[in-house]
Amino acid sequence: MRLSRYFMPTLREAPADAQIVSHQLMLRAGMIRQEAAGIYAWLPLGLRVLKKIEQVVREEMNRAGAIEILMPTLQLADLWRESGRYDDYGKEMLRIKDRHERDLLYGPTAEEVVTDIFRGYIKSYKELPKNIYNIQWKFRDEQRPRFGVMRGREFLMKDAYSFDIDEAAARRSYNRMFLAYLNVYARLGLKAIPVKADPGPIGGDLSHEFMILADTGESQVFAHRDLVEMGAPGPDIDWDGDLEPEVTRRTSLYAASDEMHDAARFEAMPEDKRMTARGIEVGHIFYFGDKYSKPMKALVTGPDGKDTPVQMGSYGVGVSRLVAAIIEASHDDSGIIWPASVAPFGAAVLNLRAGDAACDAASETAYATLTAAGLDPLYDDRDDRPGAKFAAADLVGIPWQLIVGPKGLAEGVVELKARGSGERQTLPLDAALRAITG
RNA sequence: CGGAGUGUGGCUCAGUCUGGUAGAGCACCGCGUUCGGGACGCGGGGGUCGCAGGUUCAAAUCCUGCCACUCCGACCA
């Protein structure tokens, strides 16, 4: 993409509304624009990142055996009356009437819809397990939206729903999602900790929140250090095999956020294993049995010929929140530092003297080569001063900056800067291109 | 939902107390000089001062109502 033809409205100053660094940087980098309280338009740069995160989530869901569908944003109130949640949900639910005075709502989540879909087709235990997910905009009319897309009213969520014949099978589905989530966060360059969450009225131990570590996180996290260092299981585990040992390895180590914290248990650990940190919640998984399937009569016939309500779990990832969360976890004074997996562009070519024949020629070569290599580069070909280009490239956080200037070219070299480490190398253009393309 | 606050060119803000020609910096347009970390000079464009009423010879400024947004607290991907 040539920057001169792109739409990337960067700001020198952060708008006064923005309180936290991710919000400030998203506005300054021209990623989003607020349209109303907690409601944002996604500008080109922001949309690129959002789509990349979405794709990582999608790939890991698919790998773990989940199947993507797309459910509507608008849902019929009658479905929620069946589950009993229409009256319970309160003012966070945005209620709408259509021209026929029918009650609709903008979905804050999709248990009812997915249960309705399931019961319409699946009748036998032989068709289980199933895990159905979608990545769709949700709306929760928060009393007080804040922090940009971190706590918006409209947000993009991946929500998956598992269906199993009994609790033991549901636990296997839960384990798949548990490990898949760790892989998602690892691919996004984040350190994530699964902490025990309030299981609600169902009880049991099948409820976890995933907290990513960031100094500016809203929650306090307490965890066994080994859990943090353990890393993700990786894509090559046997998703159809017994995942219980792998999950137990992690859940047996202490981890809790402030509301579930057990100080006595925490302090029973050796001091050098205790870790406290700030965290941002970016995922929540739980098993809720027949909470919806029973009232909504989503029944499956078991091997014994008897109908029983299907056992369900649900698994959410805040995709739009992750954009902000990654920035909170990865930035410096100059701007955002994107992990390569979600960077809006793979590399930037900074032509420090647009209009100069040598600079133009070398930049065009670099741009063409990086494009051909699939790096999806951003070429800053604007007629602007070097300082403005450096500042913009740092701000928007592209992993590689290939700096083409007249001084270097006179000596046959360009400069290659890695955004994350700040490391710079001066080397011939072809060597620089090889360094980026690997 | 309780409490507090703010609305003035795209952005950051002054001007409001004490009514009297709408301002600055950044951004934008033109010309020129510049050119390795958000340049400089000269010239220029852009604002019914959130909206609606009211008071007054005169309202960004005073009064009333409404709307939007932000912050603190209680609540949550």
Side-chain angles (χ1 to χ4, degrees), chain A residues 9-20 23-24 27-28 30 33-39 53 57 89-93 107-111 135-160 181 184 197-198 200 208-212 218-219 257 259 280-286 314-325 333-335 350-356 359 380 382-396 401-411 413-415 417 422 424 426:
Chain A
T10 57
L11 300 172
R12 285 180 79 152
E13 296 173 279
D17 290 351
Q19 300 297 311
I20 62 168
H23 190 195
Q24 292 170 352
L27 291 169
R28 287 191 54 211
R33 176 181 171 84
Q34 182 169 345
E35 292 296 335
I39 299 177
I53 295 172
V57 172
Y89 212 92
K91 291 195 144 188
E92 277 203 5
M93 179 187 279
T109 177
E111 280 84 1
I135 300 172
Q136 176 63 293
W137 292 93
K138 306 294 191 293
F139 194 92
R140 293 182 190 174
D141 202 354
E142 295 273 348
Q143 292 167 15
R144 194 180 155 210
R146 64 187 121 170
F147 303 147
V149 299
M150 190 77 83
R151 171 143 325 148
R153 291 194 290 174
E154 188 182 47
F155 58 96
L156 188 62
M157 182 166 87
K158 186 284 300 178
D159 40 321
Y181 271 40
V184 167
D198 184 355
H208 287 86
E209 289 175 349
F210 290 79
M211 313 290 297
I212 63 145
E218 281 189 273
S219 313
S257 59
E259 63 258 33
I280 301 170
E281 186 192 340
V282 289
H284 193 174
I285 63 177
F286 51 99
S314 91
Y315 314 89
V317 170
V319 175
S320 48
R321 172 180 282 188
L322 271 168
V323 179
D333 290 345
S334 302
L350 308 192
N351 183 345
L352 297 191
R353 191 75 64 85
D356 174 86
C359 287
D380 192 342
R382 296 173 301 173
D383 180 17
D384 212 335
R385 295 175 60 85
K389 301 193 178 195
F390 292 133
D394 285 349
L395 174 62
V396 305
Q401 294 173 16
L402 185 63
I403 299 160
V404 179
K407 290 182 186 169
L409 284 186
E411 296 168 23
V413 292
V414 297
E415 189 179 351
K417 175 179 163 185
R424 299 156 183 273
T426 301

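Heavy atoms only: backbone and side chains are in, while hydrogens, waters and symmetry mates are out. Chain A is the first sequence line, chain B the second, and so forth, proteins listed ahead of strands; every chain is numbered from 1.
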When we call it a touch if two heavy atoms are under 4.0 Å apart, what does A:R33 touch: a base, just sugar-phosphate, or nothing?
nothing

Extract all donor-acceptor atom pairs below 3.5 Å that involve side chains of residues 11-18 of chain A and protein atoms in other chains or at least two apart in sequence.
none

Between the protein and nucleotides 75-77 of chain B, which nitrogen or oxygen pairs come in under 3.5 angstrom?
residue : atom : partner : partner atom : Å
B:rC75  : N4   : A:R146  : NH2          : 2.8
B:rC76  : O2   : A:R151  : NE           : 3.1
B:rC76  : O2   : A:R151  : NH2          : 3.2
B:rC76  : N3   : A:R151  : NH1          : 2.6
B:rC76  : N3   : A:R151  : NH2          : 2.8
B:rC76  : N4   : A:R151  : NH1          : 3.3
B:rA77  : OP1  : A:H284  : ND1          : 3.0
B:rA77  : OP2  : A:E281  : OE1          : 3.0
B:rA77  : OP2  : A:E281  : OE2          : 3.3
B:rA77  : O3'  : A:E281  : OE2          : 2.9
B:rA77  : O2'  : A:G318  : N            : 2.8
B:rA77  : N6   : A:G152  : N            : 3.3
B:rA77  : N6   : A:G152  : O            : 3.0

Complement of B:rC1, any strand, by Watson-Crick or G-U distances under 3.5 angstrom:
B:rG73

Identify whether any heavy atom of A:K91 sits under 4.0 Å from a base atom; if not, whether one sits that close to sugar-phosphate; answer base, sugar-phosphate or nothing.
sugar-phosphate

State which of B:rC26, B:rG25, B:rU70 makes the closest approach to the side chain of A:R12.
B:rC26

Could you give the distance separating B:rC28 and B:rC11 at their P atoms, to the nearest angstrom?
15 Å

Ignoring hydrogens and angles, tell me if any N or O in the side chain of A:R153 forms a donor-acceptor pair with the backbone of A:A37 under 3.5 Å.
yes

Round to the nearest Å and state the distance from A:Q34 atom CD to B:rU70 atom P.
5 Å

Partner of B:rU61 by Watson-Crick or G-U wobble geometry, both contacts under 3.5 Å, or none?
none

What integer number of Å spans the C1' atoms of B:rA22 and B:rG3?
34 Å

Could you measure between the two P atoms, the one in B:rU61 and the one in B:rU56, and give it in whole Å?
16 Å

Between B:rA60 and B:rG19, how far is it from one P atom to the other, in whole Å?
13 Å

Please test A:D384 against A:K389 for side-chain contact (heavy atoms from CB on, under 4.5 Å), starting from the C-alpha separation and ending with a verdict.
CA-CA 7 Å; A:D384 212 335; A:K389 301 193 178 195; 4.0 Å; yes

Once you round it to whole Å, what is the distance between P of B:rC69 and CD of A:Q19?
16 Å

Taking atom P of B:rA39 as reference, at what distance in whole Å does atom CG of A:L352 sit?
13 Å

How many whole angstroms separate atom CD of A:Q24 from atom P of B:rC71?
11 Å

Need one value for A:L395: base, sugar-phosphate or nothing, where a base atom within 4.0 Å counts as base even if backbone is also close, heavy atoms only.
base

Using atom C1' of each nucleotide, how far apart are B:rG7 and B:rC66 to the nearest Å?
14 Å

So, applying side-chain contact (heavy atoms from CB on, under 4.5 Å) with A:V414, which one of A:L352, A:L350, A:L402 is it?
A:L402

When rounded to the nearest 0.5 angstrom, what is the spacing between CD in A:E142 and CZ in A:R151?
6.0 Å

Take A:D384 and A:P15, find for each the nucleotide of RNA chain B with the closest heavy atom, and name the residue whose nucleotide sits nearer the 5' end.
A:P15

Now, which nucleotide makes the Watson-Crick or G-U wobble pair with B:rA22, with each of the two distances under 3.5 Å?
none

Between B:rG47 and B:rG23, how many Å separate the two C1' atoms, rounded to a whole number?
11 Å

Distance, P atom - from B:rA39 to B:rA27, rounded to whole angstrom:
8 Å

If I take atom CG in residue A:D17 and atom P in nucleotide B:rU6, what distance separates them, rounded to the nearest angstrom?
14 Å

Separation of the P atoms in B:rG25 and B:rG43, to the nearest angstrom
12 Å

Nearest whole angstrom, please: distance from the P of B:rC11 to the CG of A:L27.
11 Å

Between A:G316 and A:Y181, what is the shortest heavy-atom contact and its length?
N-OH, 3.1 Å

Taking only side-chain N and O atoms of A:R385, does any of them lie within less than 4.0 angstrom of OP1 or OP2 on B:rA39?
yes

Side-chain atoms of A:R353 come closest, of B:rC35, B:rG38, B:rU70, to B:rC35

Identify the nucleotide, in any strand shown, that forms a Watson-Crick or G-U wobble pair with B:rG30, with both distances under 3.5 Å; if there is none, say none.
B:rC42

In whole angstrom, give the distance that lies between atom CG of A:D333 and atom C1' of B:rG37.
14 Å

Check every atom of B:rC72, B:rC13, B:rC69 against the side chain of A:R144 and return the nucleotide holding the closest atom.
B:rC72

Please report the interatomic distance CD(A:E92) to CZ(A:F139), rounded to the nearest 0.5 Å.
10.0 Å

About how many Å separate CD of A:Q34 and CD1 of A:I39, when rounded to the nearest 0.5 Å?
9.0 Å

Pairing check on B:rG7: which nucleotide meets the Watson-Crick or G-U wobble criteria with it, both distances under 3.5 Å?
B:rC67

Using atom CG of A:D383 as one end and atom P of B:rG30 as the other, report the distance to the nearest whole Å.
11 Å

Looking across every strand, which nucleic acid part, if any, lies under 4.0 Å from A:R424 by heavy atom: base, sugar-phosphate, or nothing?
base

In short, A:K417 meets A:D394 closest at the heavy-atom pair NZ-OD1, 3.0 Å

